[in-house]
Amino acid sequence: MRIEKLLPGVQKNVLLKNYTTFRIGGPAKYFFVAATKEDLIKAISVAKKLKLPFFILGGGSNLLVADEGYKGLVIKIKNQKSKIKSTNQKSKIIEAESGALLSQIVSLAVKNNLSGLEWAAGIPGTFGGAIRGNAGSFGRSMKDVVKTVTVLKVGSTKSEVRKYKKKDCKFSYRESVFKKKPNLIILSAEIQLKKGKKREIQSKIKEYLNYRKETQPLNFPSVGSVFKNPIGKSAGFLIENCGLKGKRIGNVKISDIHANFIVNLGNGKAKDVKKLINLAKKKVKNKFGIDLKEEIQYLGLF
Ligand SMILES: Cc1cc2nc3c(=O)[nH]c(=O)nc-3n(C[C@H](O)[C@H](O)[C@H](O)COP(=O)(O)OP(=O)(O)OC[C@H]3O[C@@H](n4cnc5c(N)ncnc54)[C@H](O)[C@@H]3O)c2cc1C
């Protein structure tokens, strides 16, 4: 049966560059916006039925999409409900769907005088994407606030909804069980935040945002840090020390401001980003004997 019949609203040949913060990437053969949890589950079941590869797209802020695009179904998550659940005098729980923007959750926290997520201000992308990659900054990460994560476990014959407690999420630096097992699709999660003072929460956020403005190339499209920091080292420092700051290939370059950022100068190509990634890996290996590992994810053939 045709996909258009099974999944009303599915689009064809949608350019993914319009859905990534890098503004890079070719077309998805099929593209579907899942506005609700039910839409998301339906889209995955249709892909399974048609034996079509599928990919869950959040904010596209940690993603390098091939210039040739992706020959499967891209499911863009837009299930965005969020609410505050009361607990006790000292803390509250926010429950949100995976497609909610992380910034939306930070705003909800501020509005309700909740502290613990200030570090996340300025990190683009979705709540689900942040949990999967255990996003973090300023020494904090999602693992510090997550209480439970509800996933769709996609099996070869049937899929089921499961609730993971924090300890089962196996969080570590930019890692989680959800990253290791791509058949676990995050539907929603609960985070626990402490009650705090609005003025203090807002001033911390301001301080963190100012630091980002001063140290990151925010005036060009990028995907944030390209590589994970090796234990006890800074990937940016290692790349900079190989003389690669400002190195340009085609219309992309290693940022002059922060060497772990690659920026798109306009119409940049994924193939050129990949060349810069390979060059940085090679030079850092030769000079320091360290293997840099990508923090970013790839979609399509490289
Ligand atoms: C300017 C800038 C600054 C940044 N600063 C930081 C920072 O300080 N710290 C940090 O950690 N990151 C940072 N990032 C990277 C990025 O914002 C985070 O990694 C973010 O959490 C990715 O979320 P996303 O929704 O955009 O994921 P996407 O890029 O859409 O997807 C990333 C991966 O997650 C998967 N995925 C997405 N949603 C789900 C889901 N619901 N279930 C299962 N899998 C899913 C996708 O399939 C893909 O493999 C920065 C990026 C930019 C552009």
Side-chain angles (χ1 to χ4, degrees), residues 16 19-25 28 34 37 40-41 43-44 53-65 70 72-80 96-106 117-144 149-154 164 169 171 173-189 208-209 211-213 215-229 235-236 255 257-258 260-264 294-300:
L16 293 173
Y19 293 91
T20 66
T21 57
F22 227 158
R23 298 281 169 261
I24 289 176
K37 181 180 87 178
L40 173 56
I41 294 174
I44 292 169
F54 70 89
F55 182 84
I56 306 296
L57 176 65
S61 65
N62 201 21
L63 208 59
L64 180 60
V65 181
Y70 178 65
L73 169 66
V74 167
I75 304 168
K76 161 84 184 154
I77 49 167
K78 275 223 159 163
N79 49 328
Q80 294 190 318
E97 292 186 332
S98 51
L101 294 177
L102 190 57
S103 59
Q104 176 190 332
I105 308 302
V106 173
L117 211 54
E118 293 87 338
W119 55 268
I123 301 183
T126 59
F127 188 52
I131 292 171
R132 177 191 180 267
N134 187 21
S137 59
F138 305 104
R140 307 291 303 274
S141 68
M142 292 306 288
K143 78 167 186 323
D144 300 323
V149 179
T150 302
V151 302
L152 182 74
K153 186 173 183 194
V154 182
Y164 280 63
C169 298
F171 288 121
Y173 171 59
R174 300 294 174 270
E175 284 295 337
S176 72
V177 69
F178 317 110
K179 194 161 173 181
K180 292 208 172 70
K181 296 186 177 172
N183 67 322
L184 299 179
I185 310 302
I186 300 170
L187 298 175
S188 62
Y208 289 149
L209 288 176
Y211 182 83
R212 281 179 185 274
K213 252 189 235 155
T215 56
Q216 298 181 354
L218 301 180
N219 47 345
F220 285 104
S222 80
V223 270
S225 295
V226 173
F227 298 102
K228 292 180 183 175
N229 288 321
S255 163
I257 298 169
H258 191 318
N260 199 13
F261 276 61
I262 294 177
V263 291
N264 179 2
E294 287 92 327
E295 179 175 319
I296 60 163
Q297 310 293 301
Y298 293 101
L299 178 60

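Atoms within a ligand are numbered from 1 in the order they appear, just like the ligands themselves. Any value given below was found using the heavy atoms of this structure, including those in side chains, with hydrogens, waters and symmetry copies removed.
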Proximity winner for [atom], if only heavy atoms of [options] are counted:
atom	options	result
atom 30 (O) of ligand 1	Gly99, Gly58, Ala34	Gly58
atom 25 (O) of ligand 1	Val149, Thr126, Leu218	Thr126
atom 16 (C) of ligand 1	Gly128, Pro221, Ser61	Ser61
atom 4 (C) of ligand 1	Pro124, Pro182, Gly129	Pro124

Which segment of [X] sits under 4.0 Å of ligand 1 when only heavy atoms are counted:
X	result
Phe178	neither
Val223	backbone
Ser137	side chain

ask   = So, are Glu295 and Arg174 salt-bridged, with charged N and O less than 4.0 Å apart?
value =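 Here Glu295 pairs with Arg174 in a salt bridge, since their nearest N and O are under 4.0 Å apart.
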inquiry  = Looking at Lys228 and Glu294, is there a salt bridge between them, counting it only when a charged N and a carboxylate O are closer than 4.0 Å?
reply    = no
Cut-off 3.5 Å, side chains only: do [X] and [Y] have a donor facing an acceptor?
X	Y	value
Arg212	Ser137	yes
Ser176	Asn134	no
Asn264	Ser222	no

List every atom of ligand 1 that sits less than 4.0 Å from any heavy atom of [X], numbering the atoms from 1 in the order shown and giving each element.
X	answer
Ser222	53 (C)
Gly125	23 (O), 24 (P), 25 (O), 26 (O)
Gly136	7 (C), 8 (O), 9 (N), 10 (C), 11 (O)
Asn62	19 (O), 22 (C), 29 (O)

query = Does Arg212 reach ligand 1, in the sense of a heavy atom lying below 4.0 Å from it?
reply =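 Checking ligand 1 against Arg212, which is what was asked, there is a heavy-atom contact under 4.0 Å.
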ask   = Closer than 4.0 angstrom: is that true for some heavy atom of Gly133 and an atom of ligand 1?
value = no
Shortest protein contact, atom 21 (O) of ligand 1 (heavy atom only) = Ala130 CA, 3.3 Å
ask   = For the ring pair Tyr211 and Phe138, is the centre-to-centre distance below 6.0 Å?
value = yes
key: Heteroatom proximity flag, Ala135 to ligand 1, N/O under 3.5 Å   = no
